[in-house]
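Atoms within each ligand, like the ligands themselves, are counted from 1 in listed order. FYI, side chains are in, hydrogens and waters are out, and symmetry mates aren't considered; it's all heavy atoms of this structure.
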Amino acid sequence: MKLHGRVSKIEAQKTIDSLRSLGAIDYSYKIFSDKDFVYIPLKERVSRDGMEIIGLEGVRNELWKYPSKIRGSYDTIGSIAVFHKNIGRNVKLLARNIISTNGHIRSVYLDTGISGDLRIRNMKLLAGVDDTTTLHRENGIVLRVDLSGVYFSPRLATERMRVARSVKEGEYIIDMFSGVGPFSILIARMHSVKIVAIDKNPLAISLLKENMGLNRLKGNITAINEDVSRAMPGLSKADRIIMNLPHESARYVELARGSLRRGGILNYYEICDHEGIAARMQDFRAKGFDIVSKREVHGYSRNEMMFSLDLIKLI
Ligand code: SAM
């Protein structure tokens, strides 16, 4: 027998809201009604005005099984889950289920698109508290992010570690589109290096500076809030440049080339299809780069994916 609260239809919405804010509803069962009453499945005995507690067989909520099945359709960033597409009319119930089943998730949002140069996500709250700031942990570092004001994707965690592992002690690195610093912080945590991290979003740079304080770093990071076109020409030539602006990196290749020493490494990212990346690789060869590796980091759309290229500047 499953505990249910039985309330009159008139009282039902008020009681459901109050039980929900208490976290007392058991969403693995359905809320259902007959002619006069609404039956609310409960996790435990709680008392509410006008609600009688009764034991019933109840109706299992099949959607309850979805959180594991739909795991790929949302990302977890600290205490926030973000759906990237509307998976149907039950999305709000699923969002509530995610909060009930994952103790550390406080908010669930729907990503309704990324806009502008700063790549900021437009987000609609589906369940939980409306708070877009969180502390995200990956690869042994902690990052403060504010999803309403800066770009951040947890999907590059493995790639960031791959790049960080390839860095040599003493390198001088330019992180051209640093965001809150996931590449820079990880690399400076692992290596004694000098990094110049640039982003034109003031909030990204202010969070990057906070993240420098939150992590014990071996390396040194200089954070610059500026457009790369203005910031880069004054810098000395780097041993490595990271270009993580995957929809527009191509526009900045000449700028990066000019700031990279001969023999230096370019970690380049682009979202495109297979033909697009083949053409880009031709371009790089024509510009005097040797292609060390090409990887598919993750899928993006039916034909497109994020590619990573490791390149060496030969001439
Ligand atoms: N590397 C970070 C990460 O992995 O989370 C952030 C990558 S995000 C795709 C690109 C970043 O580039 C954004 O934070 C945006 O503000 C910044 N950006 C875009 N155009 C820029 C420019 N011309 N100069 C400097 N920063 C720029």
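Checked by distance only, ligand 1 and Tyr252 come closer than 3.5 Å through their nitrogen or oxygen atoms. On a distance-only criterion, Phe152 and ligand 1 share no N/O pair closer than 3.5 Å. The shortest N/O to N/O separation between Asp199 and ligand 1 falls below 3.5 Å. Between Asp175 and ligand 1, no pair of N/O atoms sits closer than 3.5 Å.
Counting only heavy atoms of the protein, atom 12 (O) of ligand 1 lies nearest to Phe177 CB, 3.2 Å. What sits closest to atom 5 (O) of ligand 1 on the protein, heavy atoms only, is Pro182 CG, 3.3 Å. Taking atom 8 (S) of ligand 1 as the reference point, the nearest protein heavy-atom neighbour is Tyr151 CD2, 3.3 Å. Protein heavy atom closest to atom 24 (N) of ligand 1, with residue, atom name and distance, is Val228 N, 3.0 Å. Taking atom 4 (O) of ligand 1 as the reference point, the nearest protein heavy-atom neighbour is Asn244 OD1, 2.8 Å. Atom 25 (C) of ligand 1 has its closest protein heavy atom at Lys200 N, 3.3 Å.
Taking the ring centroids of Phe177 and Tyr151, they lie at or beyond the 6.0 Å cut-off. Between Tyr268 and Phe307, the distance separating the two ring centers is not shorter than 6.0 angstrom.
Within the 3.5 Å criterion, the main-chain N or O of Gly128 finds no donor-acceptor partner in the side chain of Arg106. With Ser166 contributing its side chain and Val163 its backbone, the two residues share a donor-acceptor pair below 3.5 Å. Side-chain N or O atoms of Ser153 include one that pairs as donor or acceptor with a backbone N or O of Arg155 at under 3.5 Å. Between the side chain of Asp239 and the main chain of Ile265, no donor-acceptor pair closer than 3.5 Å is present.
Distances below 4.0 Å separate heavy atoms of Arg160 from the following atoms of ligand 1: 3 (C), 4 (O), 5 (O). Of all atoms in ligand 1, listed by their number and element, those nearer than 4.0 Å to a heavy atom of Asn201 are 16 (O).
Not a single heavy atom of Glu248 sits under 4.0 Å from any atom of ligand 1. Look at Ser178 and you'll find a heavy atom under 4.0 Å from some atom of ligand 1. Not a single heavy atom of Val150 sits less than 4.0 Å from an atom of ligand 1.
Considering NZ of Lys194 and OH of Tyr172, their distance stands at 5.5 Å, rounded to 0.5 Å. Interatomic distance, CD1 of Ile114 versus CG of Asn122, reported as 9.0 Å (0.5 Å rounding).
The proximity of Ser229 to ligand 1, defined as any non-hydrogen pair under 4.0 Å, does not occur for either the backbone or the side chain. At a heavy-atom cutoff of 4.0 Å, ligand 1 is contacted by the backbone of Asp117 but not by its side chain.
The aromatic rings of Phe83 and Tyr74 sit tilted, their planes meeting at an angle between 30° and 60°. Note: Phe32 and Tyr39 have parallel aromatic rings, judged against thresholds of 30 and 60 degrees for the angle between ring planes.
Under the 4.5 Å side-chain heavy-atom criterion for ILVMFWY residues, a single connected hydrophobic cluster contains both Ile80 and Leu125.
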